[in-house]
Amino acid sequence: MPELPEVEVVRRGLERWVAGRTVADVEVLHPRAVRRQPGGAAGLVAGLEGRTLQAARRRGKYLWLPTDDGEALLAHLGMSGQLLVQPPDAPDETHLRVRLRFTDGGRELRFVDQRTFGGLSLEPMSGGTEDGVPLPVAHIARDPLDARFDDAAFAAALRRRHTGVKRALLDQSLVSGIGNIYADEALWQVGLHYARPTETLTRAQVARMLAAVRSVMGAALERGGTSFDSLYVNVNGESGYFERSLEVYGRRDLPCSRCGTPIRRDPFMNRSSYSCPRCQPRPRRAHW
DNA sequence: CAGTGGCCCTGTCTGC
DNA sequence: TGCAGACAGGGCCACT
């Protein structure tokens with residue numbers, strides 16, 4: 001389940017191994033992987049072949065590679081997506097969806113995705129050439145690791161909301177890059193229940209929460225960043241180098257490391273929320 | 001408009 | 001043993 005740190009690790013790999021190379025041909029093996037592409041597979045092939053990928057950028061969980069004609073190859077990994085840099089003679093992965101070959105005849109870029117929530121598309125840019133983003137990313141907020149993320153504006157916007165704090169953390173138009181795992185981890189760190197109404201949060205609580213989000217993401221990034229220095233640009237949420245340090249996520253009935261109380265799991269938005277009943281007491285007034 | 005909930009997708013695990 | 005159902009969940013879209 002790639003969240004921001006995992007996506008950033010992939011971005012660094014792409015920057016190193018793919019930027020500067022020219023696409024020779026594109027092979028789409030599953031239509032759903034390009035469902036957002038205008039013109040479908042044919043549209044992607046026509047728009048990408050002959051283009052040079054110039055860099056690798058990211059906002060939240062979106063990744064993109066600007067091309068030399070002012071568009072961008074946009075990628076979202078969804079739940080199970082991987083971008084792999086593989087030798088041409090490596091056997092096809094079981095869930096290989098899209099393959100890019102390059103004019104230098106070197107390693108291919110492969111999009112592999114078991115559950116097909118992710119996808120690739122070629123998109124026009126919105127905004128300036130320097131800090132512009134692909135059009136579908138225009139509504140995505142900056143993420144907490146972005147130097148231009150505005151803490152005060154975030155606190156103000158959050159306190160104007162009328163919803164539960166975890167819902168707000170998962171809303172990518174308010175703040176991006178936070179998924180279910182890191183939301184639970186950050187809320188545990190600061191002792192906030194997921195259904196705490198956003199309008200009751202103080203500025204100081206919001207500041208502590210942002211610090212917790214950055215701490216959780218930064219720690220994951222550090223661990224991921226140390227192990228990616230290879231040709232294998234790989235993100236697999238289940239491979240385990242992040243989950244070893246999780247305090248609440250996936251730890252139902254296991255003791256809270258702070259107080260020993262068994263961690264609870266509640267249904268939340270058709271998924272799960274993990275929290276400590278003692279460190280994160282349910283507020284009298286709760287927002288789902 | 002803001003807030004909420006359903007749906008997409010497939011592999012793994014649990015319980016009857 | 002076999003099978004049905006729960007579960008994983010980001011983002012889009014429809015609905016209130």
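To find a chain, count down the sequence lines: A is the first, B the second, and so on, and within it residues start at 1.
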Problem set entry | Stepwise side chain to side chain donor-acceptor pair (under 3.5 Å) check, A:T163 with A:T198 | CA-CA 6 Å; A:T163 189; A:T198 46; over 6 Å; no
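Spacing between atom CD1 of A:I178 and atom P of C:dG10 amounts to 11 Å, rounded to whole angstrom units. Atom P of nucleotide C:dG11 and atom CG of A:D171 are separated by 10 Å, given to the nearest angstrom. A:M269 places its CE atom 11 Å from the P atom of C:dG11, with the value rounded to the nearest Å. If you take CG of A:L96 and P of B:dT10, they are 15 Å apart, rounded to a whole angstrom. Between A:K166 atom NZ and B:dG3 atom P the separation is 18 Å, expressed in whole Å. Separating the CD1 atom of A:I181 from the P atom of C:dG10 is a distance of 8 Å, rounded to the nearest angstrom. One can place CG of A:L63 at 12 Å from P of C:dG11, the figure rounded to the nearest angstrom.
If you find the closest nucleotide of DNA chain B to A:H95 and to A:R160, the one lying nearer the 5' end belongs to A:R160.
The shortest side-chain heavy-atom distance between A:E123 and A:L73 does not fall under the 4.5 Å cut-off.
Applying the 4.0 Å criterion to OP1 and OP2 of B:dG3, one finds that A:R161 has a side-chain N or O inside that range. For the OP1/OP2 pair of C:dG10 and a distance below 4.0 Å, the side-chain nitrogens and oxygens of A:Y182 include no atom meeting the criterion. For C:dA8, the OP1/OP2 oxygens have no side-chain nitrogen or oxygen of A:R252 closer than 4.0 Å. Phosphate proximity of C:dA8 to A:S272: present, with a side-chain N or O under 4.0 Å from OP1 or OP2. One finds a side-chain N or O of A:N270 lying less than 4.0 angstrom from the OP1 or OP2 phosphate oxygen of B:dG6. Checking the phosphate oxygens (OP1, OP2) of B:dA2, no side-chain nitrogen or oxygen of A:H162 falls inside 4.0 Å. Between A:R32 and the phosphate of B:dC9, there is a side-chain N or O to OP1/OP2 separation shorter than 4.0 Å. In this structure, A:Q172 reaches the C:dG11 phosphate: one of its side-chain N or O atoms is under 4.0 Å from OP1 or OP2.
When only modelled atom types and interatomic distance are considered, A:D266 and A:S273 share no side-chain donor-acceptor pair under 3.5 Å.
Residues passing the side chain to side chain contact (heavy atoms under 4.5 Å, CB included) test with A:Q172, sequence neighbours excluded: A:K61, A:I140, A:S176.
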Under 3.5 Å between N/O atoms: give me all the protein pairs with nucleotides 12-14 of chain C, atom names plus distance.
residue, atom, partner, partner atom, Å
C:dC12, OP1, A:Y62, OH, 2.8

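Figure legend: cation-pi geometry between A:R258 and A:W188, with NZ or CZ positioned under 6.0 Å from the six-membered ring centre and within 45° of its axis.
A 6.0 Å sphere centred on CZ of A:R35 holds more than 12 heavy atoms belonging to other residues, nucleotides or ligands.
Looking at the side chain of A:L170, the nearest of the listed nucleotides C:dG10, B:dG11, C:dA8 is C:dG10. Ranking C:dG10, B:dT4, B:dC9 by closeness to the A:T116 side chain, first place goes to B:dC9.
Under a 3.5 Å cut-off, the side chain of A:Q205 and the backbone N or O of A:T202 do form a donor-acceptor pair.
Across all strands shown, A:R35 has no heavy atoms under 4.0 Å from either base or sugar-phosphate atoms.
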